[in-house]
Amino acid sequence: MIPSCPLPRYAVAPRHSATPLFPDSFMIRTRFAPSPTGYLHIGGVRTALFNWLFARGRGGRFILRVDDTDRERNLDETLAPILHGFRWLGIDWDEGPEVGGDYGPYFQSQRGELYRAAVDRLLASGHAYYDYAGTEDLAQEREQAEAEKRKFIYSRRFRAASKADRERFEADGRQAVVRLEMPREGECRFTDLIRGDMAFEWGREQDHVIQRADGSCLYHLASVVDDHEMAISHVIRAEEHLSNTPRQIFIAQSLGYELPEYAHLPLVAEPGSKNKLSKRKLAKYLKHPEFARLTKHGEEIARAIGLSPDAETFNPVLVDFYETVGFLPGALLNYLLLLGWSLDDKTEDFDRQAMIENFSLERVQRSPASFDPTKLMTFEERHMAALSIDERTALCRPFAEKAGLVSETGETAGTTDTPDLRAIVAAAGDRIKLAGDIIQFEDFFVPDDQLLYDPPAWEKRLVQPERAASLLAEYRQTLSSIEPFDTEHLEQAMRDFMAAKGIKLGEIIHAVRVATTGKSVGFGMFETLAILGRDRTLARIDRALARIDRLARRALLDQPVSAGEE
RNA sequence: GGCGCGUUCGUCUAGGGGUCUAGGACGCCGGCCUCUCACGCCGGUAACACGGGUUCGAAUCCCGUACGCGCUACCA
């Protein structure tokens, strides 16, 4: 599928092997260079993950570098969430913010001298020049080229070839930027580890600006200098950078650097489309039913734990969303791994170790992969199902606490007989997909006299069946003598009751369910009753019976009441 | 517009000339199980963008077209 790519300097370890096969001088070093924007984008995480896996699987190092060129932001606010996100995911970095390293500083804002020195060298070697053209001068040339239907190439009219030129332009009040003097003939050729041999015509490139009039340097220059200074061996990044590679190669070669290997990953696209996934287009994604479902699911959890989700930041495109609602980081990683990479035709479940051992650039897909919220959810389910009850309980507890279901000091919240969280998690089984799903079972925690009844369920199970009330009242009597009050004895008692009354299970169990939980759906009935315990079960049934009676009388008096009213 | 990259079921993908009447997973549809919901189990639907080559033979190689996406900044 992928043409074999020559790897002149880096042997690639065979699949299934994490053993580094090369001397230290050929150490694999990859990097991810986030901009401190205040959030971690899911597509960025996929790129970071692939960089991390590539390094980890080959005895290399993974570096985090903060791309804060030209930014006057508050780093505490804008970088912290990103670092936090990586830590939550378990993507650790060997060098970078907060951990340091031998190639620091790891903030581009602190490396200005390095960039300026590089610019000076490019100037001195004739690979760059001072340019005094204003933006309007360029715009004019561009328009003219367009009018004449030829491709725009800057005339270099305001290029300062000498000191005298500079003085002359400056006397006119002009300011200089530094531009690359790009070749206008020939081709830039390089091999992409994922896409094979690439060729770009130099003549299509512009004389890109690398330094502004104020002396600050631009991204491509900074990036190339840093990658070299930090001894990055493999530049693994999103495909949107493929077209930028020639100018970076030009910079690197002009500076006499040895080129890194390049690998351009396919984009992570929107649900159901091939457009680049963007945090700005949330409104559009919400029209996608499955994306909307995930978002809504998350919002319910967020609200229950006392957050007021902001549409701008609470959004499945951002990693923070997943942590907030109780996703398992391993599940997110597993899903992201398979967005653009596969091992074979069947293996889908990977833990960290398996990812590291098996990941390879050769098996990276070349076409964009769209983000599928539903499939992500199934990975979450599988990972959650693999945990023990105790592990799941531990994950759910913080959510139950934040939602006010249990107190932070122990199991009991308001009353002395608040149910055991572990028992609920056990009975919930696979219904708890996200740790935050525990909030769906708040009915176990509400005081018995505040239970709400789902109107259609109440009507169908307690009003319409003629014998519902009387059977429920009789069954209530048997409950009071069950000992111990556990699922086994509850079930036996129910069977005995059915036999004695000559009824089917369905004739009684649904009524009990609605009477004790207010809903027509839920866990196994006997588990539910056991969790509630005898006192609360009886209290809830008594309350339901009283309510049936009350509503029936009002109905007789021709005073209709809505089912929800108390 | 120019340049670049890409195109296998709705989605993620397997596939490196014959083993492909194209496999798996998710979704969807139907059924089973069942105290409800969920799970589980069984079955089903569904794809090689199009057109030319090359070849005994092409999803696989080549060319073209279409479509999609990306880049085309004194953003990163």
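Order of the sequence lines sets the chain letters (A, B, ...), proteins ahead of strands, with each chain counted from 1.
For the OP1/OP2 pair of B:rC75 and a distance below 4.0 Å, the side-chain nitrogens and oxygens of A:Arg212 include at least one atom meeting the criterion. In this structure, A:Ser342 reaches the B:rA14 phosphate: one of its side-chain N or O atoms is under 4.0 Å from OP1 or OP2. Within the structure, every side-chain polar atom (N or O) of A:Lys276 is placed at least 4.0 Å from both OP1 and OP2 of B:rC5.
For the P atom pair drawn from B:rG18 and B:rU72, the interatomic distance equals 42 Å after rounding to whole Å.
Considering only the side chain of A:Asp345, B:rA14 comes nearest among B:rA14, B:rG2, B:rC37. Closest to the A:Asp430 side chain, of the nucleotides B:rC39, B:rC35, B:rC74, is B:rC39. Distance from the side chain of A:Phe526 is smallest to B:rC35 among B:rU72, B:rC35, B:rC37. Comparing B:rG2, B:rA76, B:rA25 against the side chain of A:Ser35 picks out B:rA76 as the nearest. The side chain of A:Glu348 sits closest to B:rG24 out of B:rA73, B:rU11, B:rG24. In this structure, of B:rC74, B:rU36, B:rC12, it is B:rC74 that holds the atom nearest to the side chain of A:Leu218. Closest to the A:Arg195 side chain, of the nucleotides B:rG6, B:rU36, B:rC26, is B:rG6. The side chain of A:Asn244 approaches B:rU72 more closely than any other nucleotide in the set B:rC69, B:rG24, B:rU72. Closest to the side chain of A:Ser370, out of B:rU11, B:rU36, B:rA73, is B:rU11. In the set B:rC71, B:rG27, B:rA14, the nucleotide with an atom closest to the side chain of A:Glu240 is B:rC71.
What separates CG of A:Leu277 from P of B:rC69 is a distance of 14 Å, to the nearest Å.
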